[in-house]
J.: 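One structure, pasted below without further comment.
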Amino acid sequence: MSEKWFNVGKIVNTHGIRGEVRVISKTDFADERYQPGNTLYIFKEGSQEPIKVVVESHRVHKNFDLLTFEGMHSIQDVEQFKGSLLKVDENQLSELDEGEYYFHEIIGCSVYTDNGEEIGTIREILATGANDVWVVKRKVGKDLLIPYIDEIVKEIDIDEKKIIITPMEGLLD
């Protein structure tokens, strides 16, 4: 097993009495990650060893992903996982098409305008319905929200952790 883990979500509560957990997802491919039969690892706070679980069912309810795990069919089986993180091993990441990126590849990148001005660093990605929105931590002032669309994002260099944008009028105000 690898030493590199990627956050998929956080178990925030149980749901009902039949072993379902409520997850706030932090993954870019929730439908893929939560497919029945997929393996996830639960990292309980204060524990060094992850707990391997296999997804039995997945459904979306309000803003949460609801999961059940094989062999865990009561609230007593899953209550211990409240506050725990769900992760995948780096070996579970699949190859992406050209122009597609994992969240962990984008978060931490420096953002520059097309005339070389440094804007800040991407600290979070908001997955909206239409397109993702990147939250950029500026050196001074409020965070900046950049929609991930071709008209704005011009170049992404994952190796250099550098992104070049052409800001719309008023974006940097």
Side-chain angles (χ1 to χ4, degrees), residues 1-97 100-111 120-129 131-139 143-146 148 156 158-163:
M1 199 177 310
S2 121
E3 291 299 313
K4 206 161 189 189
W5 297 95
F6 295 96
N7 196 357
V8 172
K10 182 174 184 175
I11 299 173
V12 292
N13 210 341
T14 57
H15 185 84
I17 61 170
R18 294 202 162 95
E20 208 166 26
V21 293
R22 188 177 297 189
V23 176
I24 295 178
S25 292
K26 292 289 182 191
T27 182
D28 21 18
F29 302 103
D31 288 341
E32 182 181 317
R33 294 282 169 244
Y34 303 143
Q35 283 260 318
N38 277 0
T39 301
L40 298 173
Y41 295 86
I42 297 175
F43 284 75
K44 288 172 63 173
E45 197 171 317
S47 175
Q48 297 298 329
E49 284 300 310
I51 300 166
K52 181 179 176 179
V53 293
V54 176
V55 177
E56 185 170 283
S57 70
H58 168 243
R59 66 188 178 105
V60 177
H61 178 67
K62 297 187 179 173
N63 291 332
F64 298 98
D65 287 285
L66 301 179
L67 305 175
T68 58
F69 304 119
E70 289 181 1
M72 299 180 186
H73 299 110
S74 76
I75 191 171
Q76 290 82 10
D77 294 333
V78 296
E79 221 166 16
Q80 62 179 316
F81 301 139
K82 283 185 195 177
S84 299
L85 295 178
L86 286 172
K87 297 186 180 192
V88 293
D89 181 280
E90 73 177 324
N91 298 324
Q92 292 175 271
L93 301 180
S94 56
E95 286 293 317
L96 299 178
D97 292 336
E100 291 184 341
Y101 305 94
Y102 284 108
F103 283 11
H104 72 269
E105 294 176 310
I106 298 297
I107 293 172
C109 286
S110 297
V111 179
T121 305
I122 297 175
R123 69 171 185 85
E124 182 180 4
I125 297 175
L126 306 174
T128 64
N131 53 270
D132 291 342
V133 175
W134 296 347
V135 180
V136 178
K137 173 80 173 138
R138 293 176 159 180
K139 293 181 187 268
D143 287 350
L144 178 67
L145 302 178
I146 298 176
Y148 177 44
I156 299 173
I158 295 303
D159 296 329
E160 294 292 320
K161 299 293 276 179
K162 183 177 181 179
I163 295 173

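Treat the numbers as computed from the prediction; the structure is a model and nothing was measured.
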J.: Under a 4.5 Å cut-off applied to non-hydrogen side-chain atoms, are Phe43 and Ser84 in contact?
T.: no
J.: What's the separation between atom CG in Leu67 and atom CG in Asn38, rounded to the nearest 0.5 Å?
T.: 10.5 Å
J.: If you round to the nearest 0.5 Å, how far is CG of Asn91 from NZ of Lys4?
T.: 11.5 Å
J.: Would you indicate whether the side-chain heavy atoms of Asn13 and Lys82 approach each other to under 4.5 Å?
T.: yes
J.: Give me the atom names and distance for the closest heavy-atom approach of Met72 to Val53.
T.: CE-CG1, 3.8 Å
J.: For Leu40 and Arg33, work out which heavy atoms get closest and say how close.
T.: CD2-O, 3.9 Å
J.: Looking at residues at least two apart in the chain, or sitting in another chain, which of them share a side chain to side chain donor-acceptor pair (under 3.5 Å) with Gln35?
T.: none
J.: Between Asp143 and Arg123, does any NZ, NE, NH1 or NH2 come within less than 4.0 Å of an OD or OE carboxylate oxygen?
T.: yes
J.: Got a second to check how far Asp65's CG is from Tyr34's OH, nearest 0.5 Å?
T.: 5.0 Å
J.: Side chains of Asp89 and Trp5, heavy atoms from C-beta outward: is any pair under 4.5 Å?
T.: yes
J.: Under 6.0 Å from the NZ atom of Lys87, do we count more than 12 heavy atoms belonging to anything else shown?
T.: yes
J.: Rounded at 0.5 Å granularity, tell me how far NE2 in His58 sits from CG in Asp31.
T.: 6.0 Å
J.: Please report the closest heavy-atom contact between Arg22 and Leu66, naming both atoms and the distance.
T.: CA-CD2, 3.7 Å
J.: Distance-only, no hydrogens or angles: does the Gln80 side chain make a donor-acceptor pair with backbone N or O of Asp77 under 3.5 Å?
T.: yes
J.: Side chain to side chain contact (heavy atoms under 4.5 Å, CB included) for Val23 and Phe64? Distances and angles first, verdict last.
T.: CA-CA 6 Å; Val23 176; Phe64 298 98; over 6 Å; no
J.: Would you sort out whether Val111 and Lys162 count as a side chain to side chain contact (heavy atoms under 4.5 Å, CB included), showing the intermediate values?
T.: CA-CA 6 Å; Val111 179; Lys162 183 177 181 179; over 6 Å; no
J.: Taking all atoms of both residues into account, what is the closest heavy-atom pair of Ile158 and Glu105, and its distance?
T.: CD1-O, 3.5 Å
J.: Taking side chain as C-beta onward, heavy atoms only, is Thr39 less than 4.5 Å from Lys52?
T.: yes
J.: Evaluate Glu20 against Arg59 for side chain to side chain contact (heavy atoms under 4.5 Å, CB included), listing each step before the verdict.
T.: CA-CA 10 Å; Glu20 208 166 26; Arg59 66 188 178 105; 2.9 Å; yes
J.: Are any side-chain N or O atoms of Glu79 and backbone N or O atoms of Gln76, one a donor and one an acceptor, separated by less than 3.5 Å?
T.: no
J.: With side chains defined as the heavy atoms from C-beta onward, is the minimum distance between Tyr41 and Gln92 less than 4.5 Å?
T.: yes
J.: Quick one: closest heavy-atom pair of Trp134 and Ile163, and the distance?
T.: CZ3-CD1, 3.6 Å
J.: Of all residues at least two apart in sequence or in a different chain, which pass the side chain to side chain donor-acceptor pair (under 3.5 Å) check with Glu56?
T.: His73
J.: Going through the distances and angles, do Val133 and Ile146 end up as a side chain to side chain contact (heavy atoms under 4.5 Å, CB included)?
T.: CA-CA 5 Å; Val133 175; Ile146 298 176; 5.9 Å; no
J.: Do Asp132 and Phe103 come close enough that some side-chain heavy atom pair is under 4.5 Å?
T.: yes
J.: Could you check whether any side-chain heavy atom of Ile125 comes within less than 4.5 Å of a side-chain heavy atom of Val135, counting everything from C-beta outward?
T.: no
J.: Checking Thr68 side chain against Ser57 main chain: does a donor-acceptor pair fall under 3.5 Å?
T.: yes
J.: How are the rings of Phe69 and Phe81 set to each other: parallel, tilted or perpendicular (split at 30° and 60°)?
T.: perpendicular
J.: So for atom CD, which belongs to Glu100, do other residues, nucleotides or ligands contribute more than 12 heavy atoms lying within a distance under 6.0 Å?
T.: yes
J.: Would you indicate whether the side-chain heavy atoms of Lys10 and Leu86 approach each other to under 4.5 Å?
T.: no
J.: Checking Lys161 now: which residues fulfil side-chain contact (heavy atoms from CB on, under 4.5 Å) with it, not counting sequence neighbours?
T.: Cys109
